[in-house]
Q: 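Input: one structure, supplied below.
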Amino acid sequence: MIWSRRLAAMRDVSTRRVDNVDLAIVRPLLSVWRTEIDDYMREHRLKFREDASNKNLAPMRNRIRNRIIPYLEKILGRNIRQNIWRTAVIVAEEEKWLENEVPGSRNLDLSVPKLRAMPTAIQRRAILKWLRAQNISEVGFDVVERVRLLADREAAFAKVNLPRDQHVRRRAGKIFIE
């Protein structure tokens, strides 16, 4: 989901859709450590040009890479980058597997009994997929969880507010958007 995708590492091959064209993005050096690249450049006397955007601390990933990780390594007294990388790779692999396990739904409504039969993690992913298929944007964990709770027999509410004055409702064993 969006919250676990953020923990996952970039993939060495990914796809982006731009103007109805699927583009393959290949990052062949993604798993190579910067020190290895620097050593190679020095050994072969190659010139290196760094993208200036890497020094911009506005993007969260740059603040993490340039400030937070060095600070944590300093106070912990050890290199944590490989542990972070390993965790990100594991999360990415699990994310990919789970995404394939979740049934997709372009239907206009969700079946409450079918949702109840799923494990909680799959419920969350199915709801996120369903919301995205309905072109609902700005969906985070809180929204998905509130929608998931609509399927709960003990739920005291039958409506969840969405961005842009939309709502998810539960009625007659179905969850739908209005």
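Only heavy atoms go into these numbers, but all of them, side chains included; no hydrogens, no water, no symmetry mates. Residue numbers run from 1 in the order of the sequence given.
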Q: Less than 4.0 angstrom from a charged side-chain N to a carboxylate O is my criterion; do Arg42 and Asp38 meet it?
A: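 Here Arg42 does not pair with Asp38 in a salt bridge, since their nearest N and O are not under 4.0 Å apart.
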
Q: Please answer: with hydrophobic residues joined when any side-chain heavy atoms are less than 4.5 Å apart, are Ile64 and Leu57 in the same cluster?
A: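 Shared cluster, no.
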
Q: Could you go through residues 110-121 and list every donor-acceptor pair under 3.5 Å that involves a side-chain atom there, pairing it with any protein atom two or more places apart or in another chain?
A:
{"unit_1": "Ser111", "atom_1": "OG", "unit_2": "Lys114", "atom_2": "N", "d": "3.3"}
{"unit_1": "Arg116", "atom_1": "NE", "unit_2": "Ala151", "atom_2": "O", "d": "2.5"}
{"unit_1": "Arg116", "atom_1": "NH2", "unit_2": "Ala151", "atom_2": "O", "d": "3.1"}

Q: Supply the atom-to-atom distance Leu149 CG to Gln123 CD, rounded to the nearest 0.5 angstrom.
A: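 So the CG of Leu149 and the CD of Gln123 are separated by 9.0 Å.
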
Q: Would a 4.5 Å heavy-atom cut-off, applied to side chains only, mark Val143 and Arg146 as touching?
A: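 Side chain of Val143 against side chain of Arg146, heavy atoms only: contact under 4.5 Å found.
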
Q: Atom CG of Asn66 and atom NZ of Lys55: how far apart are they, to the nearest 0.5 Å?
A: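 With rounding to 0.5 Å, CG (Asn66) is 7.5 Å from NZ (Lys55).
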
Q: Would you please test Arg81 and Ile69 for side-chain contact (heavy atoms from CB on, under 4.5 Å) and show each step?
A: CA-CA 7 Å; Arg81 292 168 198 260; Ile69 292 174; 3.7 Å; yes

Q: Indicate yes or no for a side-chain donor-acceptor contact from Asp22 to the backbone of Thr15 under 3.5 Å, with no hydrogens or angles considered.
A: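 No: the side chain of Asp22 does not pair with the backbone of Thr15.
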
Q: With rounding to the nearest 0.5 Å, note down the distance linking CD1 in Ile84 to CD in Gln82.
A: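 CD of Gln82 is found 11.0 Å from CD1 of Ile84.
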
Q: Using a 6.0 Å cut-off, check whether atom CZ of Phe48 has over 12 heavy atoms from anything other than its own residue.
A: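 Yes, CZ of Phe48 has more than 12 neighbouring heavy atoms, counting only those of other groups under 6.0 Å.
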
Q: For the pair Glu36 (side chain) and Trp33 (backbone), establish whether a donor and an acceptor sit closer than 3.5 Å, ignoring hydrogens and angles.
A: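 Yes; judged by distance alone, with no hydrogens or angles, the pair exists.
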
Q: When you compare the side chain of Glu94 with that of Val89, does any pair of heavy atoms fall below 4.5 Å?
A: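 The answer is no; the side chains never approach within 4.5 Å.
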
Q: So if I apply the side-chain contact (heavy atoms from CB on, under 4.5 Å) rule between Val139 and each of Leu162, Leu128, Ile127, which one comes out positive?
A: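 For Val139, the side-chain contact (heavy atoms from CB on, under 4.5 Å) test succeeds with only one of Leu162, Leu128, Ile127, which is Leu128.
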
Q: Do Val32 and Tyr40 have side chains that approach each other closer than 4.5 Å (heavy atoms only, starting at C-beta)?
A: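 Answer no - side chains too far apart.
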
Q: Evaluate the side-chain contact (heavy atoms from CB on, under 4.5 Å) criterion for residues Asn54 and Arg65: first the C-alpha distance (whole Å), next the side-chain angles of each, then the deciding distance (0.1 Å), finally the verdict.
A: CA-CA 9 Å; Asn54 287 333; Arg65 183 176 54 239; 3.7 Å; yes

Q: Take a 6.0 Å sphere around CZ of Arg164 and say whether it holds more than 12 heavy atoms from other residues, nucleotides or ligands.
A: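 Atom CZ in Arg164 is not crowded, with 12 or fewer foreign heavy atoms closer than 6.0 Å.
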
Q: Answer yes if Leu131 and Phe157 sit in the same cluster of Ile, Leu, Val, Met, Phe, Trp and Tyr residues linked by side chain heavy atoms under 4.5 Å apart, and no otherwise.
A: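 In one cluster: yes.
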
Q: I would like to know whether Lys96 and Glu93 meet salt bridge (Lys or Arg N to Asp or Glu O under 4.0 Å); could you show each step before the answer?
A: CA-CA 5 Å; Lys96 185 177 179 181; Glu93 290 167 355; over 6 Å; no

Q: Can Arg125 and Glu95 be said to form a side-chain contact (heavy atoms from CB on, under 4.5 Å), step by step?
A: CA-CA 10 Å; Arg125 288 171 183 277; Glu95 179 70 29; 3.0 Å; yes

Q: Can you find a pair of side-chain heavy atoms, one from Gln166 and one from Glu178, that are under 4.5 Å apart?
A: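 Heavy-atom side-chain distance check fails, nothing below 4.5 Å.
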
Q: Heavy atoms, side chains only, cut-off 4.5 Å: are Trp130 and Ile136 in contact?
A: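 Counting from C-beta outward, Trp130 and Ile136 never come under 4.5 Å.
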
Q: Find out if a path of hydrophobic residues (ILVMFWY) with successive side-chain heavy-atom gaps under 4.5 Å connects Val26 to Ile37.
A: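 No, it is not one cluster - the side chains of Val26 and Ile37 are not joined through contacts under 4.5 Å.
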
Q: Go through the structure and list residues passing side chain to side chain donor-acceptor pair (under 3.5 Å) with Arg16, not counting sequence neighbours.
A: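 Partners of Arg16 under the side chain to side chain donor-acceptor pair (under 3.5 Å) test: none.
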
Q: With a 3.5 Å distance limit and no angle check, can you tell me whether Glu73 reaches the backbone of Asn79 through a side-chain donor-acceptor pair?
A: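 Judged by distance alone, no pair lies under 3.5 Å.
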
Q: Let me confirm one number: the CG-CZ distance from Asp39 to Arg34, rounded to the nearest 0.5 Å.
A: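 Output value for this atom pair is 11.0 Å.
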
Q: List for me each residue that meets side chain to side chain donor-acceptor pair (under 3.5 Å) alongside Asp152, sequence neighbours excluded, and say none if there are none.
A: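 Listed in chain order: nothing, the list is empty.
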
Q: Could you check whether any side-chain N or O of Asn62 sits under 3.5 Å from a backbone N or O of Asn56, counting only pairs where one atom can act as donor and the other as acceptor?
A: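 It does hold such a pair.
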
Q: Are Phe176 and Arg170 close enough that some pair of their side-chain heavy atoms sits under 4.5 Å apart?
A: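 Not touching, per the 4.5 Å side-chain cut-off.
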
Q: Answer yes or no: is there a side-chain heavy-atom contact under 4.5 Å between Ile25 and Val13?
A: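 In short, these two side chains do not touch, never coming nearer than 4.5 Å.
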
